[in-house]
Asker: 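Starting off with a structure, shown below.
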Amino acid sequence: MEETKRVILVHYHEIGLKGHNRSAFEKRLQRNLEALLHAYPVHEMRRISGRILIELADGIGAEEAFACARFVARVPGVARVSTGYKVERELDVMYEAAERALLDAGAFETFKVQARRAHTDFETNSMEMNQLVGAYLCEHFPDKKVRMKDPDVQVCVEVIQDASYIYAFSLRGVGGLPVGVSGRLCCLLSSGIDSPVALWQMARRGAICIGVHFSGRPETSDASEFLVSDIADVLHETGCIAKVYTVPLGTYQREISLYAPPKLRVILYRRLMMKVSAAIARHERAGALVTGESLGQVASQTLENIVCTDASVDMPILRPLIGTDKQRIIELSQELGTYDISTQDAPDCCTLFMPRSPETHGRLDEVVEAESRFPIDQWVSELVAAAEVRTFGK
Ligand code: ATP
Ligand code: MG
């Protein structure tokens, strides 16, 4: 089989993707994959018939191809990924490739052939291909059974343009939209479980996400900064984070803790974080802020307190996890790969100067009154100036 090449086919099927949107989506997904796959043995990448075709370098083995497919499956915008072979449009060659693809796919008892002909200039139609390839495989795997409904493996045979693509190994992708088609967002990123998941959700809706982390420095160690940096590394693997700003908030929290009513501290810290994040967002041309808040999860996340936080900035605050249960958020953070980092303990600005009983039903007028005793605008400028930024990729 001289003309055999291992390939990866990237499928996407965002419902409602039409016209100009569709081509912007495809171009962006391809560009993102090109940027992310530099460590993998890719020979060429291009779009064919509603998929992205990745031709792997010659001599690549099944394991390497599967590893690459597993990686591709985690990239936002990828609905499904398959790996198999690109061969000539000759039935004999296609039969052999189908046999190889089936052998690669691992243990199975039942299978089915799914043929597709994107070009009618190929003389055998899809029905005939199903039968012919099916008959060949039955002969070569006499103890395996054909099953039309829910087979263990599906052998796909597709004739597209001047070649045929044959694969039996497919994985479900993370889906969503490719990063870069939905604008820019500033995400408040702690080292906790929730906010990395919130950022990931928005990246999976196509947003370019810029993290903003508030550390308790110089009042605490920089442990939370290291954890956030590890979290950002995980998000960066699949192109989900563009930058991280780290803002040392400790001194300012100390001021608030000394002079504001204890009950209101948490709301005041939170409003200061929003104001600094909004200033960074304006600088970054980002259109909204994102937090990992979930309604009622902790004292500060009541409806009243959300109203008090929202009123601190004239920019939308998106809360993708607002209606998500903690258990589900934990599962998502395990899927993302940040759970083990987030469960390590690190004091950040939120654990610093916590009052014994934080306000759960903040009243905006009281909050604004308490805040007016501090030079907030000046603080925001100082904090933005003190922010350190780490940029990913490029
Ligand atoms: P998380 O698990 O994301 O830390 P949490 O359950 O600890 O959230 P809160 O402490 O009320 O809840 O924080 C709510 C949201 O505020 C976080 O999801 C995050 O978006 C933002 N936030 C909290 N602390 C910080 C911080 N130190 N730096 C940046 N953002 C923060
Ligand atoms: Mg937290």
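Just so you know, ligand 1 is whichever comes first in the structure, and atom 1 is the first atom listed for that ligand.
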Asker: With atoms numbered from 1 as shown, which atoms in ligand 1 lie under 4.0 angstrom from a non-hydrogen atom of Thr291?
Answerer: 20 (O)

Asker: If you measure from the Lys or Arg side-chain nitrogens to the Asp or Glu carboxylate oxygens, is any gap between Glu388 and Arg217 under 4.0 Å?
Answerer: yes

Asker: Determine, using ring centers only, whether Phe25 and Tyr12 are less than 6.0 Å apart.
Answerer: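 Ring centroids of Tyr12 and Phe25 are less than 6.0 Å from each other.
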
Asker: Of the choices Glu225, Met273, His213, Arg270, which has the non-hydrogen atom that lies closest to atom 13 (O) of ligand 1?
Answerer: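 Answer by nearest heavy atom: Arg270.
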
Asker: Considering only heavy atoms, which of Ser224, Gly216, Ser215, Ser195 lies nearest to atom 3 (O) of ligand 1?
Answerer: Ser195

Asker: Does an N or O anywhere in Gly292 fall below 3.5 Å from an N or O of ligand 1?
Answerer: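 Indeed, backbone or side chain, Gly292 has an N or O that close.
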
Asker: Is there a nitrogen or oxygen of Phe214 sitting under 3.5 Å from a nitrogen or oxygen of ligand 1?
Answerer: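 Looking only at distances, the answer is yes, because the N/O contact criterion of under 3.5 Å is met.
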
Asker: Indicate, with yes or no, if Tyr85 and Leu9 share a hydrophobic cluster defined by side-chain heavy-atom contacts under 4.5 Å among Ile, Leu, Val, Met, Phe, Trp and Tyr.
Answerer: no

Asker: Could you state whether Leu318 and Ile210 fall into the same hydrophobic cluster, counting links through intermediate Ile, Leu, Val, Met, Phe, Trp or Tyr residues with side-chain heavy atoms under 4.5 angstrom apart?
Answerer: no

Asker: So is Asp194 polar-close to ligand 1, meaning N/O to N/O under 3.5 Å?
Answerer: yes

Asker: If you measure from the Lys or Arg side-chain nitrogens to the Asp or Glu carboxylate oxygens, is any gap between Glu237 and Arg74 under 4.0 Å?
Answerer: yes

Asker: Taking the basic N atoms (NZ, or NE/NH1/NH2) and the acidic carboxylate oxygens, is any pair closer than 4.0 Å for Lys145 and Asp152?
Answerer: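 Here Lys145 does not pair with Asp152 in a salt bridge, since their nearest N and O are not under 4.0 Å apart.
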
Asker: Between Val212 and ligand 1, which residue portion shows a heavy-atom distance shorter than 4.0 Å: side chain, backbone, both, or neither?
Answerer: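 The part of Val212 near ligand 1 is the backbone, not the side chain.
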
Asker: Please could you name the atoms of ligand 1 that Leu188 approaches to less than 4.0 Å, counting only its heavy atoms?
Answerer: 19 (C), 20 (O), 21 (C), 29 (C), 30 (N)

